[in-house]
Amino acid sequence: MTQNPAVTSASRAPIALATAFASFEDLWSPRILARVNDYDVRVAKVAGEHVWHAHDDTDEFFLVIEGELHIALRENGTERTVSLPRGSAFTVPKGVEHRPYAPSGASLLLFEPTGTLTVGDRHDAVPDHVDATTGHALEV
């Protein structure tokens with residue numbers, strides 16, 4: 001079995017979500033908590049706006065652990081926003097343009113195929129506060 005190099009040895013032991021979130025401060029810069037088959041389980045702290053983007057070949061799963069997340073969606077020529085309070089989950093379908101934002105901040109758990117770029121396959125200009133990454137190792 002091939003080990004994901006971004007997943008530390010700590011990922012082979014139980015990890016409390018509070019400990020995972022306490023281990024980093026960077027916003028819009030997910031950490032890889034674990035790998036499940038060909039998917040990364042990522043944790044991220046967010047505040048403010050991300051960038052409009054789309055993942056052409058994969059859905060994107062969001063679970064709000066703390067705070068509230070809003071996701072603006074563009075599909076079929078219309079725009080709408082879904083609001084996710086703490087404990088809510090939502091999946092953005094592949095190919096749908098979306099822009100997550102959290103005016104008051106939020107902590108998220110995400111599921112994405114390993115190697116998925118946080119700004120998708122198509123995106124607007126990436127602002128300095130958004131980390132265009134496939135995830136960073138979680139160091140607890």
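The first residue of the sequence shown is numbered 1, and numbering continues consecutively from there.
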Query raised in the report: Listed by chain and number, what are the side-chain contact (heavy atoms from CB on, under 4.5 Å) partners of Val64, not counting sequence neighbours?
Result: Leu69, Leu84, Leu108
Could you work out, with ring-ring contact (aromatic ring centres under 6.0 Å, His included) as the rule, every residue matching [X], not counting sequence neighbours?
X	value
His53	His50, His55, His98
Phe62	none
Tyr39	none

Among the clusters formed by ILVMFWY side chains lying less than 4.5 Å apart, do [X] and [Y] turn up in the same one?
X	Y	value
Val92	Val41	no
Trp52	Val119	no
Ile65	Phe111	yes
Tyr101	Val51	no
Leu110	Val36	no

Report task. Any chance you could measure Ile15, atom CD1, to Leu138, atom CG, to the nearest 0.5 Å? Result ->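 That separation rounds to 5.5 Å.
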At their closest point, which heavy atom of [X] faces which heavy atom of [Y], and how far apart are they?
X	Y	answer
Arg35	Asp38	NH2-OD1, 3.7 Å
Pro127	Ala125	CD-O, 3.3 Å
Leu63	Ala89	CD1-CB, 4.1 Å

Hey, could you give me each pair passing salt bridge (charged side-chain N to carboxylate O under 4.0 Å, His left out) that has a residue in [range]? Not counting sequence neighbours.
range	value
residues 118-138	Asp56-Arg122
residues 81-92	Glu66-Arg86
residues 90-119	Arg42-Glu112, Glu49-Arg99, Arg74-Glu97

Query raised in the report: Hey, does Arg80 have a side-chain heavy atom less than 4.5 Å from the side chain of Val82?
Result: yes
Query raised in the report: Are any of the side-chain heavy atoms of Leu17 and Leu33 separated by less than 4.5 Å?
Result: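 Side chain of Leu17 against side chain of Leu33, heavy atoms only: contact under 4.5 Å found.
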Query - Test item: Thr118 side-chain N/O and Thr133 main-chain N/O as donor-acceptor pair under 3.5 Å - result: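 Answer holds: yes.
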Report summary line: Sorted by chain and residue number, the salt bridge (charged side-chain N to carboxylate O under 4.0 Å, His left out) partners of Glu68 (sequence neighbours excluded) come out as none
Query raised in the report: With Ser83, which residues qualify under side-chain hydrogen bond (donor to acceptor under 3.5 Å, both in side chains), at least two apart?
Result: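 With sequence neighbours excluded, Ser83 shows a side-chain hydrogen bond (donor to acceptor under 3.5 Å, both in side chains) to His70, given in chain and number order.
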Requested in this report: Any chance you could lay out the side-chain contact (heavy atoms from CB on, under 4.5 Å) test for Thr81 and Ile71, step after step, and finish with the verdict?
Outcome: CA-CA 5 Å; Thr81 299; Ile71 305 174; 6.0 Å; no
Query - Donor on one side chain, acceptor on other, Thr114 and Asp40, under 3.5 Å - result: yes
Without placing hydrogens or testing angles, list every side-chain donor-acceptor pair under 3.5 Å for residues 19-28, not counting sequence neighbours.
unit_1 : atom_1 : unit_2 : atom_2 : d
Ser23  : OG     : Ala20  : O      : 2.6
Asp26  : OD2    : Arg31  : NH2    : 2.9
Trp28  : NE1    : Ala47  : O      : 2.8

